[in-house]
There are 2 protein chains.
Amino acid sequence: MGNQLTEMLKGTLEGIVLAILARRSAYGYEITAWLRDRGFSDIAEGTIYALLVRVEQRGFVDVEKVPSEKGPPRKVYSLNAKGRDQLAEFWRTWSVLTDRIEQLRHNGNQHEKGA
Amino acid sequence: MGNQLTEMLKGTLEGIVLAILARRSAYGYEITAWLRDRGFSDIAEGTIYALLVRVEQRGFVDVEKVPSEKGPPRKVYSLNAKGRDQLAEFWRTWSVLTDRIEQLRHNGNQHEKGA
DNA sequence: ACCAGTAGTTAGCGTCGCTGGGTAGCGAGG
DNA sequence: CCTCGCTACCCAGCGACGCTAACTACTGGT
């Protein structure tokens with residue numbers, strides 16, 4: 001029945017990851033661990049990898065393979081120009097949605113538009 | 001490619017509709033029109049009907065068939081107790097998500113958790 | 001030799017919103 | 001009378017997304 005948060009993450013998780021990459025480059029395992037630390041403890045391991053593949057295919061990130069001393073090579077992702085555009089677009093859309101919803105939440109949204 | 005907003009609506013649209021029904025009972029066509037008025041102009045007609053069927057099946061709303069002078073009978077939906085619980089849960093989850101994302105947005109979320 | 005931790009990949013699933021069509025009832029116009 | 005347009009609802013099929021549950025591969029410790 002996928003809980004609320006799972007459904008809400010659809011569409012926002014990509015923005016979240018892009019926002020993380022906007023700060024600095026990172027690899028999948030790192031991002032997953034970091035999200036867990038930050039309260040996004042509910043995000044599944046595999047989800048991030050799939051998402052990273054997607055954003056790579058769309059050309060929002062550049063990738064570099066970096067050897068690790070502790071395991072298989074890491075795929076380090078960096079946000080590029082197109083990715084920064086996408087992130088900006090994400091924040092715009094996010095603002096629109098949150099604005100409308102907050103309006104709906106507090107404001108006595110009387111349906112009676114006439115007045 | 002479903003634009004951002006479409007993806008973001010997943011999981012939130014249900015809450016939006018429940019919030020509308022919390023103010024007063026309404027039928028599908030009415031809700032659709034009202035959403036269009038309120039800037040949610042991008043929401044597809046059929047989407048609302050499918051959503052209403054879903055929330056009915058989950059027992060969040062009660063339904064009453066009311067004849068219309070201008071067309072086929074309306075199905076008027078009212079939020080019931082279970083629906084109010086669900087709506088409260090929705091707001092809780094929504095708050096959690098927005099809090100985390102706003103934190104990510106402004107706050108210089110240095111990954112360097114160490115020092 | 002074995003296991004735990006690191007790091008990434010894949011196939012298949014369920015949910016959601018969208019698309020595009022259809023049905024039904026009523027009133028106005030040709 | 002027949003069609004058009006508005007009201008009002010329903011349905012099948014689609015793509016995108018996140019989740020589940022596996023698997024591969026490399027390193028270091030016991």
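The model shown is predicted, which means the values in this text are computed figures rather than measured ones. Note on naming: letters A, B, ... go to the chains in the order of the sequence lines (proteins, then strands), and numbering restarts at 1 for each one.
- Contact of K10(B) with dT15(C) (side chain to base): no donor-acceptor pair of N or O atoms is detected under 3.5 Å.
- Comparing dC17(D), dC16(C), dC19(D) by their closest approach to the side chain of T6(A) singles out dC19(D).
- Per the geometry, CG belonging to D42(A) stands 20 Å off P belonging to dC17(D), to the nearest Å.
- Listed by residue number, the members of residues 60-79 of chain B with any heavy atom below 4.0 angstrom from DNA chain C are E69(B), K70(B), G71(B), P72(B).
- Not one side-chain nitrogen or oxygen of Y49(A) sits closer than 4.0 Å to the OP1 or OP2 atom of dT9(C).
- Atom CD of E7(B) and atom P of dC18(C) are 9 Å apart (whole Å).
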Next item on the list: Could you check Q4(B) against E14(A) for side-chain hydrogen bond (donor to acceptor under 3.5 Å, both in side chains), going step by step and ending with a plain yes or no?
Entry: CA-CA 10 Å; Q4(B) 253 105 328; E14(A) 179 181 306; 5.8 Å; no
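- Rounded to whole Å, the distance from CH2 on W34(A) to P on dT6(C) is 18 Å.
- Across V76(A) and S25(A), no two heavy atoms sit closer than the pair CG1-CB, 3.8 Å.
- Between dT7(D) and Y29(B), a contact under 4.0 Å exists linking OP1 or OP2 to a side-chain N or O.
- Between W94(B) and T98(B), the closest side-chain pair of non-hydrogen atoms falls below 4.5 Å.
- The backbone N or O of T6(A) sits nowhere less than 3.5 Å from a side-chain atom of D42(A) that would complete a donor-acceptor pair.
- Rounding to whole angstrom units, CD of residue E45(A) and C1' of dT20(D) are separated by 12 Å.
- Summarising the geometry, the separation between CD on E14(B) and P on dG17(C) is reported as 7 Å, rounded to the nearest angstrom.
- Sorted by first and then second residue, the salt bridge (charged side-chain N to carboxylate O under 4.0 Å, His left out) pairs involving residues 73-88 of chain B (not counting sequence neighbours) are E56(B)-K75(B).
- Proximity of L9(B) to I16(B): side-chain heavy atoms (C-beta onward) are separated by under 4.5 Å at one or more points.
- In this structure, OH of Y27(A) is placed 7 Å from P of dG8(C), rounded to the nearest angstrom.
- For D62(B) (side chain) and Y77(B) (main-chain N/O), no donor-acceptor pair under 3.5 Å exists by modelled atom type.
- At whole-Å resolution of the value, CG in L51(B) and P in dC16(C) are 8 Å apart.
- The distance between atom CG of L9(B) and atom C1' of dT15(C), rounded to the nearest whole Å, is 14 Å.
- Phosphate proximity of dC18(C) to T47(B): present, with a side-chain N or O under 4.0 Å from OP1 or OP2.
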